[in-house]
**Q** 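Submitted below is the structure of interest, expressed as C-alpha cells.
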Amino acid sequence: MRPATPDDIGEIHAIYAHHVLKGLASFEEEPPSAAELRRRYDDVTGRGLPYLVADFGGMVAGYAYCTLYRSRSAYRHSLEDSVYVRPDAQGRGIGRALLDELLRRCEALGYRQMIAVIGDSANAASIGLHASAGFLRVGTLRSVGFKFGRWVDSVLMERPLGAGDATPPD
C-alpha cells in the first residue's frame, strides 16, 4: 500500500476503463482519458486527500481514493470513497486493504463521515466489502442510472470516522 503517483495513472486508467466498460460500479459509460484521470488525481491530492495504490509485484493491483462528499461547506467533514481492483486480482483482500488504509488516513485528517455510493444494488462484492469495514446501508436510490440497457440503483452506505457525530468537529 502506498500513495499513488502520476506514474501510476496508466495502470489506474486500465483498471478503471475495465470497470466502466464491463461493470456497474461506475455510472460512466465511456472511459475517461488518462489525461482526465490525471486531472482528477491532481484534484484529490491537491486537496490533501489520500489517493492510494496497492502495489503487488511491481504492478498496480488496485487503487482507492476519496473526494469531498459534496462541495457545499456544511459537508466539509464528509468524504466519499472509491475503490477499484484489477479483475485478475479480485478476491484476494486487496480492496479491503485499500479501504482500511483509506479510512485510517481520513480519520487521521480529522474527517468524520465516509460515504459509499455503490453502483447497482446487486453489487454484492462492493456492498460486502463496505459492510465488512463497518459501513451501514442507509438507503437505495432506485433506478437513478441507465446503463447496459437497464435501470440501475445506487446503494448508499455510511461509516463514521473517529468520533463521528458524537462531538462537534475541531
Side-chain angles (χ1 to χ4, degrees), residues 1-56 59-87 89 94-120 123 126 129-130 133 135 138-139 141 144-147 152 154-162 164-165 169-170:
M1 212 62 51
R2 64 173 172 77
T5 70
D7 292 339
D8 297 318
I9 297 298
E11 289 179 277
I12 288 168
H13 179 261
I15 293 167
Y16 188 60
H18 169 83
H19 286 282
V20 168
L21 293 172
K22 304 289 185 188
L24 295 168
S26 170
F27 280 17
E28 290 195 78
E29 296 180 280
E30 295 294 327
S33 68
E36 172 58 17
L37 289 184
R38 171 61 192 265
R39 186 200 65 72
R40 295 176 190 182
Y41 164 86
D42 288 341
D43 183 56
V44 168
T45 58
R47 294 175 186 274
L49 296 170
Y51 199 124
L52 307 172
V53 296
D55 190 318
F56 193 74
M59 295 187 315
V60 174
Y63 68 99
Y65 64 93
C66 58
T67 57
L68 299 175
Y69 172 61
R70 299 246 172 118
S71 61
R72 293 193 173 113
S73 63
Y75 292 112
R76 69 189 172 276
H77 304 288
S78 299
L79 299 170
E80 180 180 337
D81 75 286
S82 292
V83 180
Y84 291 95
V85 177
R86 277 177 35 164
I94 292 168
R96 178 61 193 267
L98 283 163
L99 183 55
D100 286 348
E101 182 62 15
L102 190 68
L103 293 168
R104 187 189 69 72
R105 289 178 185 232
C106 292
E107 280 185 340
L109 291 169
Y111 288 95
R112 295 299 189 89
Q113 299 291 332
M114 184 68 75
I115 310 298
V117 180
I118 298 169
D120 191 14
N123 188 342
S126 187
L129 166 67
H130 285 85
F135 284 74
V138 294
L141 302 174
V144 294
F146 190 83
K147 187 173 177 181
V152 185
S154 283
V155 173
L156 302 176
M157 298 183 79
E158 181 180 18
R159 181 192 187 278
L161 299 174
D165 63 359
D170 294 336

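Residue indices begin at 1 and follow the sequence shown.
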**Q** State, to 0.1 Å, how close Leu109 and Pro50 come at their nearest heavy-atom pair, and which atoms those are.
**A**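 Where Leu109 meets Pro50 most closely, the heavy atoms are CD1-CD, 3.9 Å.
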
**Q** Compare every heavy atom of Tyr16 with every heavy atom of Ser26, then report the nearest pair and how far apart it is.
**A**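 Between these two residues, the closest heavy atoms are OG-OH, 2.7 Å.
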
**Q** His130 side chain to Ser126 main-chain N or O, any donor-acceptor pair under 3.5 Å?
**A**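 Checking the backbone N and O of Ser126 against the side chain of His130, a donor-acceptor pair under 3.5 Å is found.
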
**Q** Do Val155 and Phe135 have side chains that approach each other closer than 4.5 Å (heavy atoms only, starting at C-beta)?
**A**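 No. Closest side-chain heavy atoms not under 4.5 Å.
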
**Q** Which value, rounded to the nearest 0.5 Å, describes the distance between Leu79 atom CG and Leu161 atom CG?
**A**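 One gets 7.0 Å once the value is rounded to the nearest 0.5 Å.
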
**Q** Answer whether the closest heavy-atom distance between the side chains of Glu158 and Tyr69 falls below 4.5 Å.
**A**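 Glu158 vs Tyr69: side chains apart.
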
**Q** Can you tell me how far OH of Tyr63 sits from NE2 of His13, rounded to the nearest 0.5 angstrom?
**A**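 Separation between the atoms: 9.5 Å.
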
**Q** Does Pro160 reach the side chain of Arg112, with side-chain heavy atoms less than 4.5 Å apart?
**A**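 Of all side-chain heavy-atom pairs linking Arg112 with Pro160, none is under 4.5 Å.
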
**Q** What pairs with Tyr41 under ring pair (Phe, Tyr, Trp, His ring centres under 6.0 Å), at least two apart in sequence or on another chain?
**A**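 In terms of ring pair (Phe, Tyr, Trp, His ring centres under 6.0 Å), with neighbours along the sequence ignored, Tyr41 is linked to Tyr51.
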
**Q** Could you measure the distance from the CG atom of Asp8 to the CG atom of Leu52? Nearest 0.5 Å is fine.
**A**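 It is 11.0 Å, given to the nearest 0.5 Å.
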
**Q** Is there a donor-acceptor pair closer than 3.5 Å between any side-chain N or O of Arg159 and the backbone N or O of Ala133?
**A**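 Indeed, once roles are kept as given, a pair shorter than 3.5 Å links the two residues.
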
**Q** Between the side chains of Arg38 and Asp42, is the shortest nitrogen-to-carboxylate-oxygen separation below 4.0 Å, so that they form an ion pair?
**A**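 Between Arg38 and Asp42 there is a salt bridge, with a charged N closer than 4.0 Å to a carboxylate O.
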
**Q** Taking only Lys NZ, Arg NE, NH1 and NH2, and the carboxylate oxygens of Asp or Glu, determine whether Arg47 and Asp43 approach each other closer than 4.0 Å.
**A**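 Salt bridge present between Arg47 and Asp43.
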
**Q** Counting C-beta onward and ignoring hydrogens, is there a side-chain heavy-atom pair between Ile115 and Asp81 closer than 4.5 Å?
**A**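 Not in contact.
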
**Q** Can you establish whether the number of heavy atoms outside Phe146 located under 6.0 Å from its atom CZ is more than 12?
**A**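 It does: Phe146 CZ has more than 12 such atoms within range.
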
**Q** One pair to check against side-chain contact (heavy atoms from CB on, under 4.5 Å): Leu68 and Tyr75. What are the steps and the verdict?
**A** CA-CA 8 Å; Leu68 299 175; Tyr75 292 112; over 6 Å; no

**Q** Please examine the side chains of Arg76 and Pro169, heavy atoms only from C-beta on, and report whether any two atoms are closer than 4.5 Å.
**A**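 A side-chain contact under 4.5 Å is absent here.
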
**Q** Supply the atom-to-atom distance Arg86 CZ to Phe56 CZ, rounded to the nearest 0.5 angstrom.
**A**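 Spacing of CZ (Arg86) from CZ (Phe56) equals 9.5 Å.
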
**Q** In the structure I gave you, are the side-chain heavy atoms of Tyr111 and Cys66 within less than 4.5 Å of one another anywhere?
**A**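 Counting from C-beta outward, Tyr111 and Cys66 never come under 4.5 Å.
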
**Q** Check Leu129 against Gly95 and note the closest heavy-atom contact, atom names and distance.
**A**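 Distance-wise, the nearest heavy atoms are CD1-C, 3.8 Å.
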
**Q** First locate atom CD1 of Ile118, then atom CG of Leu141, and finally report the distance between them rounded to the nearest 0.5 Å.
**A**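 Reported to 0.5 Å precision, the distance equals 11.5 Å.
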
**Q** Taking C-beta and beyond as the side chain, do Met1 and Asp100 meet within less than 4.5 Å on heavy atoms?
**A**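 In short, these two side chains do not touch, never coming nearer than 4.5 Å.
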
**Q** What's the shortest heavy-atom distance between Ala54 and Ile94, and which atoms?
**A**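 Shortest heavy-atom separation between Ala54 and Ile94 comes out as CB-CG2, 3.6 Å.
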
**Q** Determine yes or no for a side-chain-to-main-chain donor-acceptor pair under 3.5 angstrom, with Arg105 supplying the side chain and Leu102 the backbone.
**A**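 No, because the side chain of Arg105 does not come within donor-acceptor range (under 3.5 Å) of the backbone of Leu102.
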
**Q** Roughly how far apart are Leu98 CG and Ser82 OG, rounded to 0.5 Å?
**A**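 Output value for this atom pair is 11.5 Å.
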
**Q** Testing the basics here: between Glu28 and Arg40, what is the closest heavy-atom pair and its distance to 0.1 Å?
**A**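 Minimum heavy-atom contact is OE2-NH1, 2.9 Å.
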
**Q** As a quick check of understanding, evaluate side-chain contact (heavy atoms from CB on, under 4.5 Å) for Ile15 and Val85, giving each step before the final call.
**A** CA-CA 7 Å; Ile15 293 167; Val85 177; over 6 Å; no

**Q** What do the steps show when you test Arg104 against Glu107 for salt bridge (Lys or Arg N to Asp or Glu O under 4.0 Å), and what is the final call?
**A** CA-CA 5 Å; Arg104 187 189 69 72; Glu107 280 185 340; over 6 Å; no

**Q** Looking at every non-hydrogen atom in both residues, tell me the closest pair between Ile9 and Ala34 and how far apart they are.
**A**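 Answer, listing the atom of Ile9 first, then Ala34: CG2-O, 3.5 Å.
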
**Q** Quick one, Val20 and Glu30 - any side-chain contact, counting heavy atoms below 4.5 Å?
**A**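 They are not in contact (no side-chain heavy atoms under 4.5 Å apart), so the answer is no.
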
**Q** Begin from the C-alpha positions of Leu156 and Val117 and carry the test side-chain contact (heavy atoms from CB on, under 4.5 Å) through to its verdict.
**A** CA-CA 5 Å; Leu156 302 176; Val117 180; 3.8 Å; yes

